[in-house]
2 protein chains.
Amino acid sequence: MCGMARPRKPLLSRERIVTTALALVDAEGLAALSTRRLAAELGVSGPSLYNHFTTKDGILDAVADTVIAEVDVSALATGTDWRTGLLAWARSYRAALAAHPHIVPFLAQGPGRRPAGLKMADAAFGGMVAAGWPPAQATRICAMVRYFVAGSALGSFARGFVDDPSAYDPADYPRLGQAHLLAEHQQRVDEGAFETGLLALVDGLALRHPESGPAPHR
Amino acid sequence: MCGMARPRKPLLSRERIVTTALALVDAEGLAALSTRRLAAELGVSGPSLYNHFTTKDGILDAVADTVIAEVDVSALATGTDWRTGLLAWARSYRAALAAHPHIVPFLAQGPGRRPAGLKMADAAFGGMVAAGWPPAQATRICAMVRYFVAGSALGSFARGFVDDPSAYDPADYPRLGQAHLLAEHQQRVDEGAFETGLLALVDGLALRHPESGPAPHR
DNA sequence: ACCTGAACACCGTTCAAGT
DNA sequence: ACCTGAACACCGTTCAAGT
């Protein structure tokens with residue numbers, strides 16, 4: 001009768017859909033994102049979404065690009081030392097993904113044609129080449145940073161272990177006696193592993209830089 | 001009638017279900033694994049699966065443990081040099097996951113109570129501690145290897161870029177001019193990045209070992 | 001242009017019924 | 001014990017109908 005069918009002002013926009021979808025995925029996981037549930041959250045009926053996106057995957061694509069757009073690539077600009085740039089980029093990259101762990105599997109399928117993903121790849125690859133890395137090596141560096149960041153954001157290492165001592169019978173797993181304690185130190189363990197690994201990776205790479213001296217041990 | 005209801009010999013077994021599920025996931029992805037589809041592949045009706053697993057997630061759990069069981073941890077045994085052990089473990093770990101990329105997101109949720117996952121964690125942690133690493137550092141090493149391996153198996157870096165030059169407009173992405181070529185060198189790029197990253201990581205770690213001299217530049 | 005409800009071919013899971 | 005079909009509450013997506 002009155003508020004039905006088409007209102008004078010659109011109820012939806014791509015932006016509102018993406019924002020709500022990201023909030024839903026963050027709060028309840030990828031499985032909770034159904035078109036019907038998302039539509040309900042937006043106060044419309046399910047099929048309405050198809051006026052703004054051709055497919056549910058299209059929505060996820062836009063969500064993924066929003067997340068990548070949060071990554072700060074400014075430190076990769078020409079002129080900065082490559083180690084400093086790489087460290088800052090990787091930390092920002094991880095922070096962005098760790099804030100939205102549930103879309104990481106989707107995100108890790110690569111930039112494809114998503115603008116924020118391509119902008120990041122352009123900045124990272126360009127930054128490494130400008131710092132003197134041969135293109136093939138610059139590509140590998142971008143790839144290994146993606147591996148490390150995506151892997152660390154995909155799921156907590158520490159929370160992978162159950163918070164229950166009886167799960168780790170010393171007869172079966174003699175060296176996992178403390179494993180049940182990992183869960184409660186989740187953040188410390190995961191961030192420590194990422195940070196230690198990142199610094200080790202950069203030191204190891206420094207040994208391979210065309211104009212390298214010895215790596216700094218800090 | 002004749003072949004209906006319960007046959008004298010069970011039609012299904014946990015093992016047959018897991019094997020078929022893994023084959024289906026490998027061939028068509030996680031989304032193709034529905035209980036109805038899996039049951040059809042096994043020649044039974046959907047609900048039959050619930051006589052052997054309490055839930056679809058339980059099936060995936062068993063599939064994940066099967067994949068981890070393929071990882072060779074023998075090089076982590078006490079007595080081997082920790083670098084050699086770590087490299088061999090990480091390579092075997094990556095090979096196992098890369099053979100079944102579609103279950104990596106599920107796998108990366110950690111070992112939980114899965115026996116093969118726990119056996120691997122026990123061997124890796126124990127191996128690093130036996131090699132002189134303090135327990136906290138050994139934990140971090142296990143975590144960072146998981147990050148790197150899972151991230152690299154989760155999705156190809158190279159195939160993340162579309163095989164279409166027009167996707168990467170030089171005006172928008174000035175340094176991605178060759179990006180469309182990545183797809184065709186997918187395996188070389190991804191394996192090169194993993195191998196380079198792994199060696200860099202180990203060299204970087206060697207600088208931090210309690211009894212370390214300088215890292216070898218291989 | 002942008003929303004609606006109805007409809008289609010799917011899901012995971014439960015359950016009573018068969019042997 | 002182990003399989004079946006029917007049923008329940010869901011899915012993603014299409015489409016004709018409304019304004």
Side-chain angles (χ1 to χ4, degrees), chain A residues 1-64 102-103 105-106 109 112, chain B residues 1-64 102-103 105-106 109 112:
Chain A
M1 287 291 130
C2 73
M4 317 208 74
R6 182 177 175 237
R8 44 187 60 124
K9 271 274 173 177
L11 295 172
L12 294 178
S13 66
R14 286 176 65 96
E15 203 199 337
R16 212 162 83 74
I17 293 171
V18 169
T19 305
T20 309
L22 180 54
L24 185 52
V25 169
D26 285 345
E28 307 188 30
L30 251 193
L33 187 81
S34 73
T35 55
R36 285 166 158 96
R37 172 76 192 280
L38 173 58
E41 216 84 37
L42 288 159
V44 298
S45 82
S48 303
L49 300 170
Y50 291 85
N51 287 295
H52 304 269
F53 289 93
T54 56
T55 204
K56 184 189 165 182
D57 253 44
I59 300 176
L60 281 171
D61 232 42
V63 168
H102 294 120
I103 20 84
F106 192 90
Q109 287 166 211
Chain B
M1 292 284 143
C2 69
M4 317 207 74
R6 179 177 176 239
R8 44 186 62 123
K9 271 273 172 178
L11 295 172
L12 295 178
S13 66
R14 287 177 64 96
E15 201 197 341
R16 211 162 84 76
I17 293 172
V18 169
T19 305
T20 309
L22 180 55
L24 185 52
V25 168
D26 285 345
E28 306 189 32
L30 251 193
L33 186 81
S34 72
T35 55
R36 284 166 157 96
R37 173 75 193 280
L38 174 57
E41 217 82 38
L42 289 159
V44 299
S45 81
S48 302
L49 299 170
Y50 291 85
N51 286 295
H52 303 269
F53 289 94
T54 56
T55 205
K56 185 189 166 183
D57 253 44
I59 300 176
L60 280 170
D61 233 43
V63 169
H102 294 120
I103 19 85
F106 193 90
Q109 288 168 208

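What's counted below: heavy atoms across the whole structure, side chains too, no hydrogens, waters or symmetry copies. Every chain is numbered from 1 and lettered A, B, ... according to where its sequence line falls, protein lines coming before strand lines.
When heavy atoms are screened at a 4.0 angstrom cut-off, Leu38(B) is found touching no nucleic acid atom at all. The residue Leu42(A) sits apart from the nucleic acid: no heavy atom pair falls under 4.0 Å.
In this structure, the NZ atom of Lys56(B) is 14 Å from the P atom of dC11(D), given to the nearest Å. Between the CD atom of Glu28(B) and the P atom of dC10(C) there is a distance of 14 Å, rounded to whole Å. Put simply, CG on Asn51(A) is 9 Å from P on dT4(C), counting in whole angstrom units. Distance Leu24(A) CG to dC11(D) P: 11 Å, rounded to the nearest Å. What separates CG of Leu49(A) from P of dA1(C) is a distance of 19 Å, to the nearest Å. With rounding to whole Å, Arg14(B) atom CZ is found 16 Å from dA1(D) atom P. Between the CG atom of Leu33(B) and the P atom of dC11(D) there is a distance of 19 Å, given to the nearest Å. Between Ile17(B) atom CD1 and dC2(D) atom C1' there is a gap of 11 Å when expressed in whole angstrom units.
When side chains are defined from C-beta on, Leu38(B) counts as touching Leu49(B), because their heavy atoms get closer than 4.5 Å. The side-chain heavy atoms of Thr35(A) and Tyr50(A), taken from C-beta on, include a pair separated by under 4.5 Å. Between Leu11(B) and Ser48(B) the shortest side-chain heavy-atom distance does not fall below 4.5 Å.
When each of dT13(D), dC3(C), dC3(D) is scored by its nearest atom to the side-chain atoms of Pro10(B), the top-ranked nucleotide is dC3(D). Taking the side chain of Arg37(A) as heavy atoms from C-beta on, and the options dC3(D), dT14(C), dC11(D), the nearest nucleotide is dC11(D). The side chain of Tyr50(B) approaches dT14(C) more closely than any other nucleotide in the set dT13(D), dT14(C), dT4(D).
Mapping Ser48(A) and Arg36(A) onto DNA chain C by nearest heavy atom places Ser48(A) closer to the 5' end of the strand. The 5' end of DNA chain C is approached more closely, in terms of each residue's nearest nucleotide, by Gly43(A) than by the other of Gly43(A) and Gly46(B).
A pairwise comparison of heavy atoms in Pro105(B) and His102(B) identifies CD-O, 3.6 Å as the closest pair. Closest non-hydrogen pair, Ala32(B) versus Leu24(B), comes out as O-CD2, 3.8 Å. Contact record, Arg14(B) with His52(B): NH1-O, 3.0 Å, taken as the closest heavy-atom pair.
Put simply, His52(B) has no side-chain N or O that comes within less than 4.0 Å of OP1 or OP2 on dA1(D). The side chain of Ser34(B) contributes no N or O atom lying less than 4.0 Å from OP1 or OP2 of dC10(C). In this structure, Ser45(A) reaches the dT4(C) phosphate: one of its side-chain N or O atoms is under 4.0 Å from OP1 or OP2. Taking 4.0 angstrom as the limit, Thr55(B) places a side-chain polar atom (N or O) nearer than this to OP1 or OP2 of dT13(C).
Here the rule is side chain to side chain contact (heavy atoms under 4.5 Å, CB included) with Phe53(B), and of Leu12(B), Asp61(B), Ile59(B), Leu60(B) only Ile59(B) fits it. Among Thr20(B), Val63(B), Val25(B), the one residue that satisfies the side chain to side chain contact (heavy atoms under 4.5 Å, CB included) test with Leu33(B) is Val25(B).
Where DNA chain C pairs in unbroken runs of 3 or more (Watson-Crick or G-U, both distances under 3.5 Å), the stems are C:4-8 with D:12-16, C:12-16 with D:4-8.
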